[in-house]
Amino acid sequence: MNREARATSQETRKLTALKRKDLLGIRELDVDEINLILDTAEVFKEISTREIKKVPTLRGKTIVNLFFEPSTRTRTSFEIAGKRLSADTINISVSTSSVVKGETLIDTARNLEAMVPDAIIIRHAVAGVPHQLARMVKTPVINAGDGAHEHPTQALLDALTIREHKGRLAGLKVAILGDIAHSRVARSNTFLLTKMGAFVAVSGPQTLLPPGYDQLVDDGLMVTPRIEEALEDADVVMVLRIQRERQKESFFPSLKEYAVRFGLTEERLRLAKDDVIVMHPGPMNRGVEIASEVADGPYSLILDQVTNGVAVRMAVLYLLTGGSAAKLTSSESVQ
Amino acid sequence: MNREARATSQETRKLTALKRKDLLGIRELDVDEINLILDTAEVFKEISTREIKKVPTLRGKTIVNLFFEPSTRTRTSFEIAGKRLSADTINISVSTSSVVKGETLIDTARNLEAMVPDAIIIRHAVAGVPHQLARMVKTPVINAGDGAHEHPTQALLDALTIREHKGRLAGLKVAILGDIAHSRVARSNTFLLTKMGAFVAVSGPQTLLPPGYDQLVDDGLMVTPRIEEALEDADVVMVLRIQRERQKESFFPSLKEYAVRFGLTEERLRLAKDDVIVMHPGPMNRGVEIASEVADGPYSLILDQVTNGVAVRMAVLYLLTGGSAAKLTSSESVQ
Amino acid sequence: MNREARATSQETRKLTALKRKDLLGIRELDVDEINLILDTAEVFKEISTREIKKVPTLRGKTIVNLFFEPSTRTRTSFEIAGKRLSADTINISVSTSSVVKGETLIDTARNLEAMVPDAIIIRHAVAGVPHQLARMVKTPVINAGDGAHEHPTQALLDALTIREHKGRLAGLKVAILGDIAHSRVARSNTFLLTKMGAFVAVSGPQTLLPPGYDQLVDDGLMVTPRIEEALEDADVVMVLRIQRERQKESFFPSLKEYAVRFGLTEERLRLAKDDVIVMHPGPMNRGVEIASEVADGPYSLILDQVTNGVAVRMAVLYLLTGGSAAKLTSSESVQ
């Protein structure tokens, strides 16, 4: 397969540094950049298993978590990642922000920049806001989720998790199930996985499959309302979170109906390969999009994803603040 | 007295480490464990008096404050305790938590665990939640207050305060006054003090004395609606906070009525011993459960309690993350 | 000019330490103290330009941000200042505070003090609260804004910014425009600038010029409803934020009306000197009190103010926790 070959051949040309200011989405990354981040994350992952889970790598750096949407897990994951690298972390959440006072994004951005942070992590309900921010400031900006657009560190941690368990990404069939229309996780994963030579099958209720999604990437992508078709012979199944508020918007009749028709049960999972792995970005609605016995089953890697999230975010913070993979392997930086 | 002798004799058998994963309540602790924590807290207390109030003991450890109920003083006390031991502290409060999104406790718990914290401190309005959490994760869990059940670090800091001023706990009469029915502080103190050989007299309005409280422990406990009986010859008086919202539930007619009939005034305090000490877990309702002249009187140890709170929490964090008293006295860890 | 001569002559008598416990307002500071803080801030400013933006100066110190009013920029600025000095910072915001539970300020204050912090930074909607707090505790207290009273670190960072660009404060004409009546920034700046020998012209709608403001200081101050008079030949123009909620209180007919009659436009700015500099404490209402082309113009120092805010707060934290300028210049403390 062409995409596979391309992805694999490129792996020989090893990058040692990330030559971009920001991490805004997966769409603009190339295979080498993705591999660099995943390889760096693997090195950093070991730190969280140590007795003293901290390295001085980012000592004296200031990292700002600027969250316009509430989030426990992503904010905490970035905060822990920063602290394990010895950075100083500053949390700013919308409720206490002067955005309430009607300040424009550009002024918030420039003001933050004037305090000389080394990275700004931003989550916002509106797609494209991190990109606007990135254009406004010289500081590296990391998109921690923008509307239904991208959530690049989620796709990277998913990729790291798959690679750990399958040894590769190229050639795998990955099913992504659920609310495709509103999911930044689906989009970032679709970009990443197809770039890396995997085949992606997305499925969900017709009302939650956005028209044109099949044109998101050139090839390696199938969109189908038939969940069985997506699951068939899948190596990996990613289940998306159903946002309960969507029900009010009449995208589906009821949570129960959703569970019966689209929930990932053990029975449905039997359509996939025997060594399938199951993932979910969390937080889960048990009994809705995923049955508890699947979430807790032996093929479930949901907690590996969380662990890998810290490692991927350490890698991204390191690389965007000028870190190089060459330095890392010479093991100066992580002593 | 039997209990006194028992408590005292046991003090000769010195523990050097806490052989349990969690601190969930006082009920399950034995005398040696309580003494170990108090002795360790005494060592750590000195750190907060130094010019540089910080030791590297928990460097590279991650401590999570998971608060489902708002709290300034307990959260701040744990956060300062962690920071003075050089731990990284992460605050998660319910308003920004994904619990809002309907995630189950078990998923919140496992997700946190997957980020490899070294201790989780939890406060929750529902009794037993910290115990559930502790069963779900390998991480040490510290109960920072669960419903009307237990608040073990409060009882420990109270015990440290009494021991400092009376030289012992065994043989003392301790009056606990107020809303006994809804107080985790009363329960944890009742367990601790009776275990350590003190005699506890609890008192409050009949409507706030729960039936069966007298059977909480085997002996050393008296329950009486007559505040004078509890106060008579007391060595220690602990005044509990009246929660104003209880008034709406008709447990007592009015705050003023409560103050007149059950508030600790100087006059009432004269029933206690001449060298009585007065304590309150805070925040106080001055003029309701305690008169200002008592709260600010020379026998009041209310601020000593707060200072000791930091020391006790340092000790608990240290012991639950594998610290040993032996190491401490060899003074390697607190340099 | 008398004031100028006085301010300048005093500059020869160099202080090396701040002989006061608290920083509550500019009114009580003398010229030497102001110069000491500004000179110290200049030294600290360099730290934020380093690769490793952190010095061990306040290692082991605990700094509490006690904010009863929401604030992003001031809280973040103090937090970054503390962290760049290696202090531990604790954030307490009103929504999670036990003040909600009805505790008195004195109990909140004493409780905080009992945890042995090294400085308390307080913002409160009521004028005088930081002063009350300061009397109650031995801990240094820094006023981060109290009602319409004072905001001393804002005036200090403004002064640092002017001094950097004009080389001096004495002899300059500074126009302060906007809602003078409700502005702690206007008051603190009026005190500081007139003390340092500058001439201050405040202007705004008559309804927002409080009677008696002209008697705030002995001389060097003019109050006028004619914005042109204030702007004429000004070396510095400070534009204050219009709080949108004031409109409801009928201080002015509409935001649009305000913009037309009092907003700082390029045209109005031409009344000032050719080398005028423009400042705003933020957050700005673009198109209301300040036109975007002015805010973003070459004479605008709005972002320099933010950068200088971190430096001034580092200086204040350092000096109030016992730091001395002598030590600094011997460069032990900032290595």
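In what follows, chains are A, B, ... by sequence order, proteins preceding strands, each numbered from 1.
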Do you know which of A:Asp304, A:Val310, A:Ile52 has the most heavy-atom pairs with chain B at a distance under 4.5 angstrom?
-> A:Ile52

Can you find a pair of side-chain heavy atoms, one from B:Asp118 and one from A:Glu51, that are under 4.5 Å apart?
-> no

Could you give the distance from CZ (A:Arg73) to CG (B:Asp107), rounded to the nearest 0.5 Å?
-> 7.5 Å

Criterion side chain to side chain contact (heavy atoms under 4.5 Å, CB included) against B:Arg110, the qualifying member of A:Asp296, A:Val306, A:Ile302 | A:Asp296

With side chain to side chain contact (heavy atoms under 4.5 Å, CB included) as the test, would you mind laying out the steps for B:Ile90 and A:Arg75 before giving the verdict?
-> CA-CA 10 Å; B:Ile90 305 280; A:Arg75 193 266 296 167; 4.1 Å; yes

Roughly how far, to the nearest 0.5 Å, is the CD1 atom of B:Ile106 from the CE atom of A:Met284?
-> 9.0 Å

In this structure, CG of B:Leu66 is separated from OG1 of A:Thr72 (nearest 0.5 Å) by 8.5 Å

What is the distance from atom CG of B:Leu58 to atom NZ of A:Lys54, rounded to the nearest 0.5 Å?
-> 11.5 Å

Spacing of B:Ile92 atom CD1 and A:Thr76 atom OG1 [to the nearest 0.5 Å] = 3.5 Å

Shortest non-hydrogen separation from B:Asn111 to A:Leu303 and the atoms involved | N-CD2, 4.0 Å

Is there a donor-acceptor contact under 3.5 Å from the side chain of A:Lys83 to the main chain of B:Thr89?
-> yes

Nearest 0.5 Å please: distance from the CG atom of A:Asn308 over to the CE atom of B:Met115.
-> 12.0 Å

Find the one option among A:Ser86, A:Gly282, A:Gly309, A:Ser77 whose heavy-atom pairs under 4.5 Å with chain B are most numerous.
-> A:Ser77

Note, A:Lys53 side chain near B:Arg59 side chain (heavy atom, < 4.5 Å) | no

Does NZ in A:Lys256 sit with more than 12 non-hydrogen atoms of other residues, nucleotides or ligands closer than 6.0 Å?
-> no

Between B:Val116 and A:Arg84, is a side chain to side chain contact (heavy atoms under 4.5 Å, CB included) present by the stated rule, with each step listed?
-> CA-CA 11 Å; B:Val116 206; A:Arg84 291 204 177 140; 4.3 Å; yes

